[in-house]
Amino acid sequence: MQATVLVPTYNESTNLEAMLRALAGVLREGDRVLVIDDNSPDGTGEIADRLAEKLSFVEVLHRDRKEGLGPAYIAGFRRVLADGAELILEMDCDFSHDPADVPRLIAAAEEGADLVLGSRYVEGGRVGNWGILRRAISRGGSLYTEAFLRMGVSDPTSGFKCFRRRVLETLDLGAITSRGYAFQIETTYRAKRAGFKVVELPITFVDRIDGSSKMSKAIVLEAVWRVPLLRLAS
Ligand SMILES: Nc1nc2c(ncn2[C@@H]2O[C@H](COP(=O)(O)OP(=O)(O)OP(=O)(O)O)[C@@H](O)[C@H]2O)c(=O)[nH]1
Ligand SMILES: [Mg+2]
């Protein structure tokens, strides 16, 4: 199945080239990468264009401004669905997600999962070098989400995912308005509710080494108020 990896970027000039080269080493003939850049002030968009000229598996989607991960991914989903992608992956550009895990996510989808989650909190999963506060937010977020949504998912905020095309075709992308962590929770919740098979695979997640975090209080608060409301969503 043809796979396209979506890599959203905002100020990832120090990471992008290394990430694309790492993906080149694990993707198969015909697989593609779409970089979704929100007009990064550090020039990531121009670096992406330059790399796309050299690397034939890379394309770039430029957006005018930063609106959060959710709208960036929705724009990316629409683009790659139109281009015929069969498997659509989400992945951060900061090496928190190991490119070496990409083939395992793809394989699990090819073996029958509709949505594969790279999970820190299933048996065999791990979080490296994160401070106590980030660990607590992430763990607390998972427990909070499970308390309201009862999805049976250990790591609902994970941003390392692989969707089968039919999942994204079925979800009403226009109805998804979450921007941060809530976006990851919402897409998985909607997929589960539509009856799709969700599988979690253990991953080791590490903190970024280069560049700066875009995590904010607003992103956490958005998840806090949105999660209970998801149950009411159409
Ligand atoms: N296009 C786009 N990409 C974004 C936006 N916000 C974050 N990203 C990218 O999404 C990925 C995850 O963002 P991070 O900054 O790592 O956020 P995080 O993983 O929540 O936080 P840290 O791991 O602490 O850095 C990275 O590749 C970012 O560059 C955005 O508004 N638009
Ligand atoms: Mg990150």
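Start at 1 and go down the list; that is how both ligands and their atoms are numbered.
No side-chain heavy atom of Met91 sits under 4.5 Å from any side-chain heavy atom of Leu105. With contacts defined as side-chain heavy-atom distances shorter than 4.5 Å, the pair Glu123/Pro202 does not qualify. Contact of the Arg179 side chain with the Leu69 side chain is not registered, since no non-hydrogen atoms from C-beta on lie closer than 4.5 Å. Using a 4.5 Å cut-off on side-chain heavy atoms (C-beta onward), Asp155 and Val122 make no contact. Considering only heavy atoms from C-beta on, Tyr144 comes within 4.5 Å of Val227 through its side chain. Between Leu87 and Thr4, the closest side-chain pair of non-hydrogen atoms is not below 4.5 Å.
Shown in contact with Cys93 at under 4.0 Å from a heavy atom are these atoms of ligand 1, numbered in order with element: 26 (C), 27 (O). Residue Gly68 approaches ligand 1 through these ligand atoms, each under 4.0 Å from one of its heavy atoms: 30 (C), 31 (O), 32 (N).
Within 6.0 Å of the CZ atom in Arg231, the count of heavy atoms belonging to other residues, nucleotides or ligands does not exceed 12. Atom CG of Leu221 has more than 12 heavy atoms from other residues, nucleotides or ligands within 6.0 Å.
At least one N/O-N/O distance between Asp94 and ligand 1 falls below 3.5 Å. Checking only distances, Phe205 never comes within under 3.5 Å of ligand 1, N or O to N or O. No N or O atom of Trp130 sits closer than 3.5 Å to an N or O atom of ligand 1. Residue-to-ligand polar distances keep Ser96 apart from ligand 1: every N/O pair is separated by 3.5 Å or more. At under 3.5 Å, a nitrogen or oxygen of Lys66, whether backbone or side chain, sits near a nitrogen or oxygen of ligand 1. Residue contacts with ligand 1: Pro8 is placed with a nitrogen or oxygen under 3.5 Å of a nitrogen or oxygen of the ligand (distance criterion only).
Taking atom 25 (O) of ligand 1 as the reference point, the nearest protein heavy-atom neighbour is Arg208 NE, 2.8 Å. In this structure, atom 19 (O) of ligand 1 lies nearest to the protein heavy atom Asp92 OD2, 3.4 Å. Closest to atom 22 (P) of ligand 1, if we only count protein heavy atoms, is Ser213 OG, 3.3 Å. Given atom 32 (N) of ligand 1, the protein heavy atom at minimum distance is Asp38 OD2, 2.7 Å. Regarding atom 29 (O) of ligand 1, its nearest protein heavy-atom neighbour is Glu12 OE2, 2.6 Å. Lys214 N, 4.0 Å is the protein heavy atom nearest to atom 17 (O) of ligand 1. Looking only at protein heavy atoms, the nearest one to atom 8 (N) of ligand 1 is Leu69 CD2, 3.8 Å. Regarding atom 1 (N) of ligand 1, its nearest protein heavy-atom neighbour is Ile36 O, 3.0 Å.
Applying the side-chain hydrogen bond (donor to acceptor under 3.5 Å, both in side chains) definition to pairs two or more places apart or across chains, those involving residues 15-26 are Glu12-Asn15, Glu17-Arg21. Annotation: salt bridge (charged side-chain N to carboxylate O under 4.0 Å, His left out) contacts involving residues 47-65, sequence neighbours excluded, comprise Arg32-Glu59, Asp38-Arg63, Glu59-Arg79, Arg63-Glu67, Arg65-Glu67.
Between Arg134 and ligand 1 there is a heavy-atom distance shorter than 4.0 Å.
Connection of Val58 to Ile88 is not established within any shared hydrophobic cluster, with ILVMFWY side chains joined at heavy-atom distances below 4.5 Å, either directly or through further cluster members. Phe183 is connected to Leu115 through a chain of hydrophobic side-chain contacts under 4.5 Å among Ile, Leu, Val, Met, Phe, Trp and Tyr, so both are in one cluster. No continuous path of ILVMFWY side-chain contacts below 4.5 Å connects Val60 to Ile36, so the two sit in separate hydrophobic clusters.
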Checking side chain to side chain donor-acceptor pair (under 3.5 Å) for the pair Arg226/Thr177: CA distance, chi angles, key distance, verdict?
-> CA-CA 10 Å; Arg226 271 196 196 267; Thr177 48; 3.0 Å; yes
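Note on the Mg ion (ligand 2): protein N, O or S atoms under 2.8 Å away count 1, no waters included.
Take Phe160 and apply the ring pair (Phe, Tyr, Trp, His ring centres under 6.0 Å) test, not counting sequence neighbours, and it matches His97.
The part of Ala72 lying near ligand 1 is the side chain, judged by heavy-atom distances below 4.0 Å.
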